[in-house]
Amino acid sequence: MPVAVVVGMQWGDEGKGKIIDLLSEEADVIARYAGGHNAGHTIVFDGNQHILHLIPSGIFHPGKLCIIGNGVVIDPAALIHEMDLLKKANIDLDGRLIISDRANIILPYHGTFDKGRENSNNFEKIGTTGRGIGPSYADKIARSGIRTCDYRNERYLKKKLESNYQEKNSIFRDLYGKELPPCESIFEDLMDYQETILKYIGDTHVLLRNEIEQNKKVLCEGAQGTMLDVDHGTYPFVTSSNSTSGGASTGLGIPPTQIDRVVGVIKAYTTRVGEGPFPTELHDEDGERLRDEGREFGSTTGRPRRCGWFDAVVARYAIRLNGIDAMAITKLDVLDRFNTLRVCTGYKYKGKVYEEMPADLDILENGEPVYTQFEGWNQSTVKAEKFDQLPDNAKQYIDGLQNILGIGFLMISTGPERNQTIRQGALF
Ligand code: GDP
Ligand code: IMO
Ligand code: MG
């Protein structure tokens with residue numbers, strides 16, 4: 001049963017796109033299981049950069065099947081825009097891209113409510129991407145969502161939209177004293193995408209089951225990261241889906257008993273976009289340097305990412321929660337010009353040191369990180385093809401992390417390009 005999950009171990013943007021693109025070589029099927037176009041997965045090869053938001057990161061490997069699972073929320077306009085960009089880049093999608101007919105759709109008013117809530121004084125600002133992700137998942141859980149399969153029955157879709165619209169418009173009127181755009185125009189816009197959606201949807205659970213039965217290798221692509229998971233992350237400063245490995249099972253319909261490998265992707269330091277606690281965040285020159293050298297600006301919204309030291313409490317939590325048995329570390333090269341590096345191993349709060357991730361945000365916000373120091377290497381790691389070719393202090397940093405975390409690195413990434421990667425084992 002060769003099924004592997006690739007999951008982000010921090011607050012997203014760990015470099016999952018690059019790692020999944022590389023691992024896709026070893027898979028037959030790449031299947032995205034959660035989130036929506038809040039994600040931004042960057043893939044760089046032959047000097048060209050591609051940013052994917054919904055379409056799996058295996059799409060640049062000809063002949064590989066790419067699936068968007070039922071756990072993903074889909075904005076049809078964003079999806080079709082992304083498909084058009086790929087077609088322009090001569091990437092063949094027909095017969096290779098299959099979208100679950102059970103995936104929920106993001107409607108224009110989901111984005112309106114997302115932004116409205118962010119700008120209101122009633123709610124704590126989360127710093128969402130404003131893509132309507134939360135309100136769309138809320139409708140899914142409330143059982144009023146519209147799904148891709150509803151495109152097969154225009155009358156049913158219209159009726160569902162009308163009843164939703166009545167409710168949403170009266171809330172909108174109450175809150176903002178304004179009307180949403182007319183229901184008819186929302187319906188007409190939705191119908192513009194009907195032909196394309198119908199062409200690409202299918203029963204992806206059955207498809208995946210058949211592939212697995214034929215011993216095909218399946219790579220489940222996570223979006224966001226462990227600390228953004230709605231159940232296990234820094235709630236409420238999280239996204240609205242289960243980005244942890246368990247989400248692969250529910251978000252694709254693959255039974256947990258069939259998942260036999262979980263690879264965690266982690267940056268050599270930590271970043272986060274949006275609001276919420278971040279114990280190792282730096283507000284000094286080192287933080288600026290991480291942002292500059294690491295080009296830490298969001299792939300989806302362009303916002304500057306907050307930067308800080310590697311947090312081993314987060315990493316250990318991610319390993320246990322996701323069942324990670326191998327890791328890929330990215331952006332080691334960003335640390336090439338630091339004299340000293342720090343790794344957080346606990347949070348000191350009111351005289352007690354916490355080594356397990358606490359639910360209480362006050363500990364994360366006001367706790368003092370306990371650091372272990374490593375010496376920097378002041379040398380480029382970019383051209384290293386093997387672990388042995390890394391500078392001694394870089395090897396010590398990597399070994400030190402492996403010791404603290406108790407598992408090894410399958411890959412060490414030293415640049416955005418495919419060939420800037422040290423491989424230390426196979427996926428399956
Ligand atoms: P994702 O959301 O986890 O796929 O990550 P993003 O694509 O949002 O952000 C990762 C960024 O780091 C992208 O711009 C990548 O091209 C870049 N990147 C990935 N690995 C490396 C690396 O090892 N070194 C450097 N310098 N950049 C990298
Ligand atoms: P990838 O897959 C980093 C963050 C947002 C915000 C919070 C909630 O590229 O790693 P949402 O729009 O989901 O309701 O926003 O989650 N967020 C991400 N941060 N990488 C992502 O995806 C993210 N997707 C959502 O910045 O803090
Ligand atoms: Mg990203």
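Atoms within each ligand, like the ligands themselves, are counted from 1 in listed order.
- Residue contact annotation: G40 has a non-hydrogen atom under 4.0 Å from ligand 2.
- At under 3.5 Å, a nitrogen or oxygen of G415, whether backbone or side chain, sits near a nitrogen or oxygen of ligand 1.
- Of all the heavy atoms in S136 and I105, the pair that sits closest is OG-O, 3.8 Å.
- Ligand-side atoms of ligand 1 in range of K16: 1 (P), 2 (O), 3 (O), 4 (O), range being under 4.0 angstrom from any heavy atom.
- Counting the atoms of ligand 1 from 1 in the order shown, those under 4.0 Å from a heavy atom of S413 are 20 (N), 21 (C), 22 (C), 23 (O).
- Sorted by first and then second residue, the ring-ring contact (aromatic ring centres under 6.0 Å, His included) pairs with a member in residues 260-284 read W11-F278; sequence neighbours excluded.
- At least one heavy atom of V238 sits less than 4.0 Å from an atom of ligand 2.
- Within the listing of ligand 2, atoms 12 (O), 13 (O), 24 (N), 25 (C) sit less than 4.0 angstrom from a heavy atom of N38.
- Selection from E293, K331, K18 by nearest heavy atom to atom 17 (C) of ligand 1 gives K331.
- Checked by distance only, ligand 2 and V273 come closer than 3.5 Å through their nitrogen or oxygen atoms.
- Between L207 and L65, the shortest heavy-atom contact is CD2-CD2, 4.2 Å.
- In H50, neither the side chain nor the backbone holds a heavy atom less than 4.0 Å from any atom of ligand 1.
- Other residues, nucleotides and ligands place more than 12 heavy atoms under 6.0 Å from the CZ atom of R303.
- Protein heavy atom in closest approach to atom 24 (N) of ligand 2: Q224 NE2, 3.1 Å.
- Of the N and O atoms on the side chains of Y347 and D311, at least one donor lies less than 3.5 Å from an acceptor on the other residue.
- The minimum heavy-atom distance linking G287 with C307 is given by the pair O-CB, 3.8 Å.
- No more than 12 heavy atoms of other residues, nucleotides or ligands shown are found within 6.0 angstrom of NZ on K115.
- Each of the following atoms of ligand 2 lies closer than 4.0 Å to a heavy atom of G274: 27 (O).
- Cation-pi geometry between R289 and F338 is met: under 6.0 angstrom from the ring centre, within 45 degrees of the axis.
- Looking at ligand 1, you'll find an N or O of T42 within less than 3.5 Å of one of its N or O atoms.
- Short contacts between ligand 2 and A39, defined as distances under 4.0 Å to a heavy atom of the residue, involve ligand atoms 1 (P), 2 (O), 9 (O), 22 (O).
- Near G17, the atoms of ligand 1 lying under 4.0 angstrom from a non-hydrogen atom of the residue are 4 (O).
- Using a 4.5 Å heavy-atom cutoff, the side chains of L79 and I99 are in contact.
- Residue G12 places no heavy atom under 4.0 Å from ligand 1.
- Listed by atom number, the atoms of ligand 2 under 4.0 Å from D13 heavy atoms are 1 (P), 3 (C), 9 (O), 10 (O), 20 (N).
- Regarding atom 26 (N) of ligand 1, its nearest protein heavy-atom neighbour is D333 OD2, 2.8 Å.
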Salt bridge (Lys or Arg N to Asp or Glu O under 4.0 Å) between R291 and E281, worked out: CA-CA 12 Å; R291 189 172 309 109; E281 182 171 14; 5.8 Å; no
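- Judged by the shortest distance from any of its heavy atoms, G40 lies inside the 4.0 Å radius around the atoms of ligand 1.
- In terms of polar-atom proximity, D114 is not counted as a contact of ligand 2, lacking any N or O under 3.5 Å from an N or O of the ligand.
- Between the side chains of Y349 and D362, at least one donor-acceptor pair of N or O atoms lies under 3.5 Å.
- The N/O atoms of V44, backbone and side chain alike, include none that comes under 3.5 Å of an N/O atom in ligand 1.
- Contact atoms of ligand 2 toward W11: 3 (C), 19 (N) (distance under 4.0 Å to a heavy atom of the residue).
- R303 NH2, 2.9 Å is the protein heavy atom nearest to atom 26 (O) of ligand 2.
- The aromatic rings of W377 and Y397 sit tilted relative to each other, their planes meeting at an angle between 30° and 60°.
- Residues N378 and N339 bring a donor and an acceptor atom of their side chains to less than 3.5 Å of each other.
- Formation of a donor-acceptor pair under 3.5 Å by the E296 side chain with backbone atoms of L290 is not found in this model.
- How far CG of L93 is from CG of D84: 9.0 Å, rounded to the nearest 0.5 Å.
- In this model, no donor atom of one side chain and acceptor atom of the other lie less than 3.5 Å apart for T42 and K18.
- Of the protein's non-hydrogen atoms, D13 O, 3.9 Å is the one closest to atom 10 (C) of ligand 1.
- Contact annotation for V265 and ligand 1: no heavy atom of the residue comes within less than 4.0 Å of the ligand.
- Taking 2.8 Å as the threshold, K16 does not count as a candidate ligand of the Mg ion (ligand 3), since none of its N, O or S atoms lies below it.
- Between Y109 and F113, the ring planes lie perpendicular to each other; the angle is over 60°, past the 30° to 60° tilted range.
- Angle O (G40) to the Mg ion (ligand 3) to OD1 (D13): 170°, rounded to 10°.
- For ligand 2, the polar-atom distance check finds an N/O of H41 within less than 3.5 Å of one of the ligand's N/O atoms.
- Sparse packing is recorded around NZ of K348, with 12 or fewer heavy atoms of other residues, nucleotides or ligands lying under 6.0 Å away.
- Between G15 and ligand 1, a contact under 3.5 Å exists for at least one N or O pair.
- Of the protein's non-hydrogen atoms, the one nearest atom 15 (O) of ligand 2 is T128 CA, 3.3 Å.
- Judged by the shortest distance from any of its heavy atoms, R272 lies outside the 4.0 Å radius around the atoms of ligand 2.
- Of the N or O atoms in K16, one or more lie within a sub-3.5 Å distance of an N or O in ligand 2.
- Contact check for N393 versus F374: no side-chain heavy atoms found under the 4.5 Å cut-off.
- Checking only distances, Q49 never comes within under 3.5 Å of ligand 1, N or O to N or O.
- Of all protein heavy atoms, the one lying nearest to atom 16 (O) of ligand 2 is L228 CD2, 3.6 Å.
- Listed by atom number, the atoms of ligand 2 under 4.0 Å from A223 heavy atoms are 2 (O).
- Heavy-atom separations between H53 and ligand 1 are all 4.0 Å or longer.
- Of the protein's heavy atoms, T129 OG1, 2.6 Å lies nearest to atom 12 (O) of ligand 2.
- Looking only at atom types and distance, the side chain of Q379 has no donor-acceptor partner in the side chain of D336 under 3.5 Å away.
- Put simply, the residue from T301, N38, D114 that forms a side chain to side chain donor-acceptor pair (under 3.5 Å) with T128 is D114.
- Inclusion of T239 in the set of residues having an N or O under 3.5 Å from an N or O of ligand 2 is warranted.
- Regarding atom 6 (C) of ligand 2, its nearest protein heavy-atom neighbour is G127 O, 3.1 Å.
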